[in-house]
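The block underneath contains the structure these notes are about, expressed in structure tokens.
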Number of protein chains: 2
Amino acid sequence: MDDSDSFELSTFTPFLLNQAAEAQSDVFSPNYRDRYGMLRTEWRVLFHLGRYGNLSAKEISDRASIHKTKVSRAVRALEEKRFLARATSPEDRRSERLSLRPPGEEAFRVLTGAAQDYEAALVRKLGRRDTQKLKDLLLKLQD
Amino acid sequence: MDDSDSFELSTFTPFLLNQAAEAQSDVFSPNYRDRYGMLRTEWRVLFHLGRYGNLSAKEISDRASIHKTKVSRAVRALEEKRFLARATSPEDRRSERLSLRPPGEEAFRVLTGAAQDYEAALVRKLGRRDTQKLKDLLLKLQD
DNA sequence: TCTTGTTAGTTACAAAAGCAACTAACATCC
DNA sequence: GGATGTTAGTTGCTTTTGTAACTAACAAGA
């Protein structure tokens, strides 16, 4: 058998990664979608603000590797939901300080709880060592 | 510190998976995008036909877990590139047998080669054992 | 044969993402 | 101070995806 015959799709890592990422997203996305009408990017932005405090859109974009236009739209959506407030930064008026408002903080708590439950279920499924191993490898993959 | 403080984004698996999947796709996608003007779904459909022989759209959809509308559009795009041919199935006229034409087979060979190179680079980066471990865990995640 | 239900594949419309161009604010250099 | 370049964020337009409705073919039971 030649090379192309022996090359199984199930061994092609980008494909596996994509499948796994979509499958996991399908499992978790109902938490933010059904309950708060949020998109994935909105959930990620909310998470960053809740976890790391007030940030600018640029900082979120850099930290989370999300394109600035996606962040811009997510911020507007979260603002319309009254989940966050914007305040022009005094030292640089191009930039805006984003901060969660009480409903946003509440959503952050609920979703973070769901995320922890999700992780706990993952540990039950893969075991603690393998779960950690998976994360380590995924992190290593990003360099 | 309370729970929400201690929950790091970098430990949330769906986020890590998504980041890693996007990063790997950014690395590999130029192979099919720049050279053949293909989208990811087209590459996946091409791969299935090249690797597993003639299939129907439904079979590809099931095997690859790609929604039938995405498969339908990818098949049309590949047809327009003269990469595949359709033939109504004799035993069920709703279904179409899809088969690669010579240019499609050529693209399949080229891209499969690139995929093998990609995997080889991954093994150099993570090591053979860890690469296999990663794949095993990703597969296990999909149940 | 005539319902009733299911399946393969396509299409139409809406939602979302990607990309480039834009504005306004800053920074630097002369 | 004025020209030049850069940065934060937004907007407009195009491409791609998601969802639901649709057609045509099949299947099975009365």
Test side chain to side chain contact (heavy atoms under 4.5 Å, CB included) applied to A/Asp130 - qualifying residues, sequence neighbours left out: A/Leu126, B/Lys133, B/Leu137
First and last nucleotide of DNA chain D, 5' to 3', lying under 4.0 Å from heavy atoms of chain A: D/dT7 to D/dC13
Sugar-phosphate, base or nothing in reach of B/Lys68, heavy atoms under 4.0 Å: base
Distance, nearest 0.5 Å, that separates CG of A/Asn54 from CG of A/Leu100: 7.5 Å
Residue-level proximity of residues 69-77 of chain A to DNA chain D when a heavy atom falls under 4.0 Å: A/Thr69, A/Ser72, A/Arg73, A/Arg76
pair A/Thr88-A/Arg94: side-chain heavy atoms closer than 4.5 Å: no
A/Arg63 to A/Tyr52 six-membered ring, cation-pi geometry met (6.0 Å, 45°): yes
Electrostatic pair A/Glu42:A/Lys81 at N-O distance under 4.0 angstrom: yes
SB check A/Arg101 A/Glu79 (cutoff 4.0 Å): no
Single-linkage hydrophobic cluster, 4.5 Å side-chain cutoff, B/Tyr118 and B/Leu111 together: yes
Of residues 78-98 of chain B, the positions that come close to DNA chain D - non-hydrogen atoms, cut-off under 4.0 Å: B/Asp92, B/Arg93, B/Arg94
Inter-residue atom distance A/Glu105.CD - A/Leu46.CG, 0.5 Å rounding: 9.5 Å
Salt bridge flag under 4.0 Å for residues B/Glu119 and B/Lys135: yes
Nearest-Å distance for atom pair CG/C1', residues B/Asp62 and C/dG9: 13 Å
Considering all heavy atoms, the nearest B/Ala74-B/Val45 contact: CB-CG2, 3.9 Å
Short N-O contact, A/Asp62 and A/Lys58, less than 4.0 angstrom: yes
Results of side chain to side chain contact (heavy atoms under 4.5 Å, CB included) for B/Ser29 - residues two or more places apart only: B/Ser25, B/Tyr32, B/Arg33
Residues in contact with DNA chain D, drawn from residues 27-40 of chain B - heavy-atom cutoff 4.0 Å: B/Leu39
